[in-house]
K.L.:
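Before we start, here is the structure in question, set down as structure tokens.
Quick note: numbers below take in every heavy atom, side chains included, and nothing from hydrogens, waters or symmetry partners. These numbers come from a predicted model, not from an experiment.
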Amino acid sequence: MTRAQTPAETPSRAPVQTPSQASDLAARAARRPRLSLREIVLVVVLGVVFGFLYWVFVQAWNGLAIAMGPAGDLAQHVLFGSWLLVGPVALAILRRPGVGILAEMLAAIIEVVFLGSPVGPMLVLAAALQGIGSELPFALTRYRRFGWGVFAASGAFGAGLVFFWTAYRMGWYGQDLLTLRLGVQVLSGIVLGGLAAKVIVRALSRTGVLANFAIGAAEDGGEGIPERRVR
């Protein structure tokens with residue numbers, strides 16, 4: 001004969017979060033006026049880490065350009081998406097306006113100041129354009145949607161927006177390869193910049209290290225955005 005469970009013994013269930021609740025949490029995060037110290041530290045860490053990674057991708061670009069021979073000038077477009085990663089990663093974790101642009105610019109500053117990028121300060125301007133393009137799809141959803149499609153759009157916009165400025169600066173307008181350059185760069189942005197960023201975010205989220213940020217709160221049963229404890 002089994003005895004009835006008392007309320008104290010009844011197993012508790014984690015609250016089930018609906019898509020609308022997750023959207024509300026993301027919106028609450030986006031409305032908070034200032035970044036917390038913890039969020040600022042994370043943006044800086046991401047900027048530094050990806051700044052060094054971006055430098056590694058530059059070395060890969062040089063090697064690929066040699067390997068591609070006569071078509072080596074297209075190597076930068078093939079790998080371009082890899083220089084868009086930090087923006088959507090920061091946005092998906094913090095879900096705050098502007099963090100994608102800020103993270104991209106910080107990564108560029110690391111490349112210029114500490115790693116001696118030959119592009120110089122112009123790289124920071126390019127990073128700002130990349131960040132604006134990458135952030136636009138998330139902004140259009142009011143920082144409430146973080147699915148594969150939004151990440152893909154982020155990579156496409158980030159790669160596309162900066163392309164037109166680069167094409168002007170490098171004198172590509174009027175060349176036969178202009179359309180090919182744009183197509184390859186946008187495709188790279190979608191795959192290496194957008195979809196790869198989604199994979200990185202999912203992998204980090206599964207480790208639990210992001211539990212104290214907006215992404216953790218959105219995936220957590222609906223207890224809300226973590227409050228700032230350090231001012």
Side-chain angles (χ1 to χ4, degrees), residues 17-32 34-36 38-51 53-54 57 80-108 127-161 188-226 228:
Q17 188 180 50
T18 65
S20 62
Q21 287 175 323
S23 296
D24 289 342
L25 290 173
R28 286 173 55 193
R31 285 196 301 264
R32 282 165 44 224
R34 293 183 300 174
L35 292 174
S36 68
R38 178 172 53 198
E39 290 169 332
I40 293 171
V41 169
L42 178 64
V43 173
V44 172
V45 169
L46 288 173
V48 171
V49 170
F50 279 91
L53 283 177
Y54 286 179
F57 295 143
F80 189 86
S82 61
W83 293 299
L84 298 171
L85 283 168
V86 71
V89 168
L91 284 164
I93 295 173
L94 297 179
R95 311 192 172 191
R96 302 289 304 278
V99 296
I101 302 170
L102 178 59
E104 278 287 356
M105 294 181 69
L106 284 173
L129 292 174
Q130 292 170 200
I132 292 170
S134 295
E135 184 152 342
L136 182 59
F138 295 99
L140 291 175
T141 71
R142 299 176 64 186
Y143 303 93
R144 294 185 178 190
R145 299 287 182 268
F146 297 89
W148 292 98
V150 179
F151 273 88
S154 172
F157 276 81
L161 180 60
S188 177
I190 292 172
V191 176
L192 297 181
L195 301 181
K198 174 70 170 178
V199 172
I200 291 172
V201 170
R202 291 186 70 180
L204 289 173
S205 181
R206 286 170 180 166
T207 67
V209 298
L210 305 179
N212 290 326
F213 297 98
I215 185 175
E219 294 173 352
D220 176 38
E223 292 191 1
I225 302 299
R228 290 199 297 263

K.L.:
Please name the pair of heavy atoms, one in G147 and one in K198, separated by the smallest distance, quoted to 0.1 Å.
P.N.:
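Taking G147 first and K198 second, the nearest heavy atoms are CA-NZ, 4.3 Å.
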K.L.:
In terms of ring plane angle, is the pair Y54 and F57 parallel, tilted or perpendicular, where the classes change at 30° and 60°?
P.N.:
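Correct class here is tilted.
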K.L.:
Given V199 and L195, is the side-chain contact (heavy atoms from CB on, under 4.5 Å) satisfied, shown in steps?
P.N.:
CA-CA 6 Å; V199 172; L195 301 181; 5.7 Å; no
K.L.:
Answer yes or no: is there a donor N or O on one side and an acceptor on the other, between the side chain of Q130 and the main chain of W83, under 3.5 Å?
P.N.:
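At least one qualifying donor-acceptor pair exists.
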K.L.:
Looking at side-chain heavy atoms only, is the closest gap between L46 and L42 below 4.5 Å?
P.N.:
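Yes, their side chains come closer than 4.5 Å.
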K.L.:
Atom OG of S36 and atom CZ of F213: how far apart are they, to the nearest 0.5 Å?
P.N.:
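Reported to 0.5 Å precision, the distance equals 7.5 Å.
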K.L.:
Shortest non-hydrogen contact from V89 to I200?
P.N.:
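So the minimum-distance heavy-atom pair works out to CG2-CG2, 4.3 Å.
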K.L.:
Going by the rule ring pair (Phe, Tyr, Trp, His ring centres under 6.0 Å), which residues pair with F151 if we only count those two or more places apart in sequence or in a different chain?
P.N.:
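Partners of F151 under the ring pair (Phe, Tyr, Trp, His ring centres under 6.0 Å) test: F138.
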K.L.:
Would you compute the distance between atom CG of L210 and atom CG of L94 and round it to the nearest 0.5 angstrom?
P.N.:
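Separation between the atoms: 9.0 Å.
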K.L.:
Looking at CZ of R202 and CH2 of W148, how far apart are the two atoms once the value is rounded to the nearest 0.5 Å?
P.N.:
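Rounded to the nearest 0.5 Å, the CZ-CH2 separation comes to 5.5 Å.
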K.L.:
A196: what forms a side chain to side chain contact (heavy atoms under 4.5 Å, CB included) with it, not counting sequence neighbours?
P.N.:
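Listed in chain order: L85.
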K.L.:
Counting only heavy atoms not in F157, do more than 12 sit closer than 6.0 Å to its CZ atom?
P.N.:
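Open.
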K.L.:
Rounded to the nearest 0.5 Å, what separates atom CG in L91 from atom OG in S134?
P.N.:
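Spacing of CG (L91) from OG (S134) equals 8.0 Å.
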K.L.:
Where is the tightest heavy-atom contact between A197 and G193, given as atom of each residue plus distance?
P.N.:
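The pair with the smallest heavy-atom distance is CB-O, 3.2 Å.
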K.L.:
Ignoring hydrogens and geometry, is there a side-chain-to-backbone donor-acceptor pair from E135 to G98 under 3.5 Å?
P.N.:
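Yes, E135 side chain to G98 backbone: donor-acceptor pair under 3.5 Å.
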K.L.:
Of all the heavy-atom pairs spanning A92 and I215, show the shortest one and how long it is.
P.N.:
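Closest heavy-atom pair between A92 and I215: O-CB, 3.5 Å.
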K.L.:
Looking only at non-hydrogen atoms, find the nearest pair between A156 and I190 and report the distance.
P.N.:
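Nearest pair, atom of A156 first, then I190: CB-CG1, 3.7 Å.
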K.L.:
Heavy atoms only: give me the nearest G131-E104 pair and the separation to one decimal.
P.N.:
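Taking every non-hydrogen atom into account, CA-CG, 3.9 Å.
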K.L.:
State, yes or no, whether a side-chain contact exists between L140 and L136 at a heavy-atom distance under 4.5 Å.
P.N.:
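Counting from C-beta outward, L140 and L136 do come under 4.5 Å.
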